Amino acid sequence: MAQSGETHAKKYSVGILVVSDSCSSGVSTDKSGVNLREVINNNEHYLAENYAIVPDDIPSIKEKLIQWSDTVGLSLILTTGGTGFSPTDVTPEATREIIDKDASCLTQTILLESLKITKFATLSRAVSGIRKNTLILNLPGSKKGSQESLEIVLPVLKHALDLINDVKNDVKKDHIEIQKEPHHHQHQHHQDQHQCPHNHSKSRVSEKDMLNKPRKSLYPMISVQQAIDIIQSESTNLETESVFYMNALNRVCAEDITARDPLPPFAASVKDGFAVKLTQNQREYLQNNSIDTKFIFDVIGSSNAGDNLINMDLKEGQCVKINTGAPVPLKSDLVIQIEDTISLEKDSNNADKKIEIVSTSTCGGVHSGKIELKLGQDIRPIGFDIKIGEAVVKKGMIIRAPQIGICATVGALELKVYKQPIIGLVSTGNELMKPEEVKLNSGKIRDSNKSLLFCAAKSLGIENIFDAGIATDDPDTVFKVFKNAFENSDVIISTGGVSMGDKDLVKDVLEKDFGCKIHFARMNMKPGKPTTFATCEFNGRKKLIFALPGNPVSAIVTFNLVVVPCLKKLMGYTNPFFTEIKVRSEFDAELDPRPEYHRCWLQWPKLENQIEFEYPKAYSTGNQHSSRLLSMNEANVLVILPGRTEAKTRVTKGEILTALLIDKI
Ligand SMILES: Nc1nc2c(c(=O)[nH]1)N[C@H]1C(S)=C(S)[C@@H](COP(=O)(O)OP(=O)(O)OC[C@H]3O[C@@H](n4cnc5c(N)ncnc54)[C@H](O)[C@@H]3O)O[C@H]1N2
Ligand code: MOO
């Protein structure tokens, strides 16, 4: 099928089959097929990809229809010709033999309208039907008749193809458009005849259903690792896009960036000093110290950064004054830093005319002693830092400040990076007021989760975060707010409404109103047990939904644990997971039956006191209740405490435990 349903820009593929003995044998020229092709191609939703002429012969017609449907996968086939009453007219018979489903209302609609134009319309035996995902429509053989017939049903054809292909996008919009058509024909199917999962204004979840919920969760409790695996298998790297390098911060590079020129592009001086050309004696001195020679040079010019003195003719015993980064004349043997020279003669401007190398101190302080020089010293040859063609930023690297600098160095201005997901945030709960509300009404609290998750996503470098609103605890509002999130984002993160209460509506709304698949709804961890993950297709796009628990700590801990690796994968990270380290517990704790992610901050033992390797110390942030967001203050690790067993009921200070790094240390 040519229509993937991903975007509306895609067109349905159409085949035009001219059924005519005379056209097939070349006695006459096809006009109606060519005309239909033009009509179809003038419509934004279709593209006539195939065109053929076959004789009025059942096997030939069938063969083409089957091939176009089964092998080519066309969405629509329009036949023209062979639908009348003459003995050779067999198009309806051939069509009827190969269709799986009848779609005769389309033909009847054409008949009803055509009768208004000509009584002869009644002499058509045309058939329409569906084979696999292909709609096949018999049209009359005349140019005028076939065009008029097609135009009668054209307004509903796209909708019919959307339904055949299960493309749920814009079904409502299509309904409205079709109703607006001046010649619209009674469109029989309504919601009760086909599933338009989100095309309703009220939720399908009733308050009564909620009261009849089972008392125990029917969802199995899965491990955090299982949950992560499921989420990872549902998320793939997003597409790539090209962005200006200065806007690429925090994005993941999607293809190697290579250097188009070397750096330095010319041999450059590493020091401020002199680029010298040695005499024969001086060279020999460097090879065997026995020769007694002085290192005296005439200064014949100067090379500053930005100059182009590469080809300067430097003779033995001559040198140029040079600055750091300036081009070294090709004939130079080495650069000597100014600190290791003395001036023997100056010109009237006080510039050196003759110099002598008196020491070869590397630390800059002049002292007498053996002169040790190396050919090529303090010269960065061409390509020393970057070779031409070298991959300077590699696919999969996260673009941070150094990479931006490297791109500037090599002049890579447009970078191919992975797209970022658009995140939609939903808060649920009757008790929630906006943080801006100064005075809290009775029974209310401020919504902290929205701001918390907004900033958590932002600190990952995600730019597009959509606030879908606060849903109060009634199905219609939950449906409406989620719909807003679905319409405006691809990864929806909600908090609250996922545990066992009759007001915990989120899972029901996701399933019943959006046709979501709930992959899991309970994780064996504390905090965060009711964490729910679902996926669905909405307007032709895959949506990932994280319905996190309402308790603020549960929300942020599960965000870190399962949402962050997902977002990283979408954004192209090659390793989307947290770094695990070993830590020494600085606290005692009773174990919970569920593995607990204890919020801690780390301190490294002072180096001078260390005799041998010491684990960093993990200090608890205090009361770990899932409502107490203060337990995240200063926390940079989640220390994993194992689930309680008979054999092990507590951890004690000094134990070595595993921790996940969730922030800077
Ligand atoms: N009978 C059971 N009750 C509960 C269970 C259970 O298994 N059986 N699980 C508990 C666990 S564990 C958690 S965690 C919570 C999760 O509950 P929900 O996700 O349904 O969240 P709510 O009930 O809507 O809210 C919980 C708590 O968080 C506060 N909250 C909610 N949203 C926000 C927000 N945006 N900003 C600040 N605070 C928020 C809310 O007021 C509640 O206090 O369920 C247990 N119950
Ligand atoms: O799992 Mo809940 O998140 O304990 O509070």
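Just so it is clear, the structure is predicted and the values come from calculations on it, not from any experiment. First listed ligand is number 1; within each ligand, the first listed atom is number 1.
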Provide the number and element of each atom of ligand 2 under 4.0 Å from a heavy atom of [X].
| X | value |
| --- | --- |
| Lys529 | 1 (O), 3 (O) |
| Pro527 | 1 (O), 3 (O), 4 (O) |
| Ser554 | 2 (Mo), 3 (O), 5 (O) |
| Asn551 | 5 (O) |

Suppose we measure from [atom] to each protein heavy atom; which comes out shortest, and what is that distance?
| atom | result |
| --- | --- |
| atom 36 (N) of ligand 1 | Ser448 N, 3.0 Å |
| atom 7 (O) of ligand 1 | Lys529 NZ, 2.9 Å |
| atom 1 (O) of ligand 2 | Gly528 N, 2.6 Å |
| atom 23 (O) of ligand 1 | Asp504 OD1, 4.0 Å |
| atom 27 (C) of ligand 1 | Asn551 OD1, 3.2 Å |
| atom 5 (O) of ligand 2 | Ser626 OG, 2.5 Å |

Polar contact flag for [X] and ligand 1 (N/O pairs, less than 3.5 Å):
| X | value |
| --- | --- |
| Val498 | yes |
| Lys450 | no |
| Ser499 | yes |
| Gly550 | yes |
| Gly497 | yes |
| Asp447 | yes |

Between Ser626 and ligand 1, which residue portion shows a heavy-atom distance shorter than 4.0 Å: side chain, backbone, both, or neither?
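No part of Ser626 is near ligand 1 at this cut-off.
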For ligand 1, which atoms sit closer than 4.0 Å to a heavy atom of [X]?
| X | value |
| --- | --- |
| Ser554 | 14 (S) |
| Pro549 | 14 (S), 16 (C), 19 (O) |
| Arg446 | 36 (N), 37 (C) |

Could you check which of [options] puts a non-hydrogen atom nearest to [atom]?
| atom | options | answer |
| --- | --- | --- |
| atom 32 (N) of ligand 1 | Val557, Asn430, Asn449 | Asn449 |
| atom 8 (N) of ligand 1 | Met500, Glu431, Met433, Met221 | Met500 |
| atom 12 (S) of ligand 1 | Pro530, Ser451, Gly429 | Pro530 |

Please check if the side chain of [X] supplies one atom and the backbone of [Y] the other of a donor-acceptor pair under 3.5 Å.
| X | Y | value |
| --- | --- | --- |
| Gln624 | Arg599 | yes |
| Ser235 | Leu570 | no |
| Arg522 | Phe520 | no |
| Ser448 | Arg446 | no |
| Asp513 | Arg204 | yes |
| Arg251 | Ile399 | no |

With Lys483 as the cation and Phe538 as the aromatic partner, state whether NZ or CZ is under 6.0 Å from the six-membered ring centre and within 45° of the axis.
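Checked: cation-pi criterion not met.
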Under 4.0 Å between a Lys/Arg side-chain N and an Asp/Glu carboxylate O for Asp162 and Lys158?
yes
Could you tell me whether Lys653 and Glu586 make a salt bridge, using a distance below 4.0 angstrom between a side-chain N and a carboxylate O?
yes
When only distance counts, is Lys526 in polar contact with ligand 2, meaning an N/O pair under 3.5 Å?
no
Give a yes/no on ligand 2: does His625 have at least one heavy atom closer than 4.0 angstrom to it?
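No.
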Return all side-chain donor-acceptor pairs below 3.5 angstrom for residues 543-558, not counting sequence neighbours, or 'none' if the list is empty.
from, atom 1, to, atom 2, distance (Å)
Lys543, NZ, Phe486, O, 2.9
Lys543, NZ, Ser489, O, 2.7
Lys543, NZ, Asp490, OD1, 3.2
Asn551, ND2, Ser626, OG, 3.2
Thr558, OG1, Ser554, O, 2.7
Thr558, OG1, Ala555, O, 3.1

Can you tell me how the ring of Trp601 sits relative to the ring of Tyr619, calling it parallel under 30°, perpendicular over 60° and tilted otherwise?
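Because their plane-to-plane angle is under 30°, the rings of Trp601 and Tyr619 count as parallel.
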Determine whether any protein heavy atom is located less than 4.0 Å from atom 14 (S) of ligand 1.
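Yes.
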Sub-4.0 Å protein heavy atom next to atom 39 (C) of ligand 1
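So far as the 4.0 Å threshold goes, atom 39 (C) of ligand 1 is in reach of a protein heavy atom.
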Evaluate the side-chain proximity of Pro421 to Leu567: yes if any heavy-atom separation is below 4.5 Å, no if none is.
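Of all side-chain heavy-atom pairs linking Pro421 with Leu567, at least one is under 4.5 Å.
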For Val243 and Ala248 the tightest heavy-atom approach is CG2-CB, 3.7 Å
Judged by modelled atom types alone, do Asn449 and Ser427 share a side-chain donor-acceptor pair under 3.5 Å?
no
Looking at Lys480, I'd like to know if its NZ atom is crowded, meaning that more than 12 non-hydrogen atoms belonging to other residues, nucleotides or ligands lie closer than 6.0 Å.
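No, not enclosed.
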Only one of Lys582, Lys617, Lys648 passes salt bridge (charged side-chain N to carboxylate O under 4.0 Å, His left out) with Glu655; say which it is.
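Of the listed residues Lys582, Lys617, Lys648, the salt bridge (charged side-chain N to carboxylate O under 4.0 Å, His left out) partner of Glu655 is Lys648.
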So is Pro527 touching ligand 1 or not, going by heavy atoms under 4.0 Å?
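Pro527: no contact with ligand 1 (<4.0 Å).
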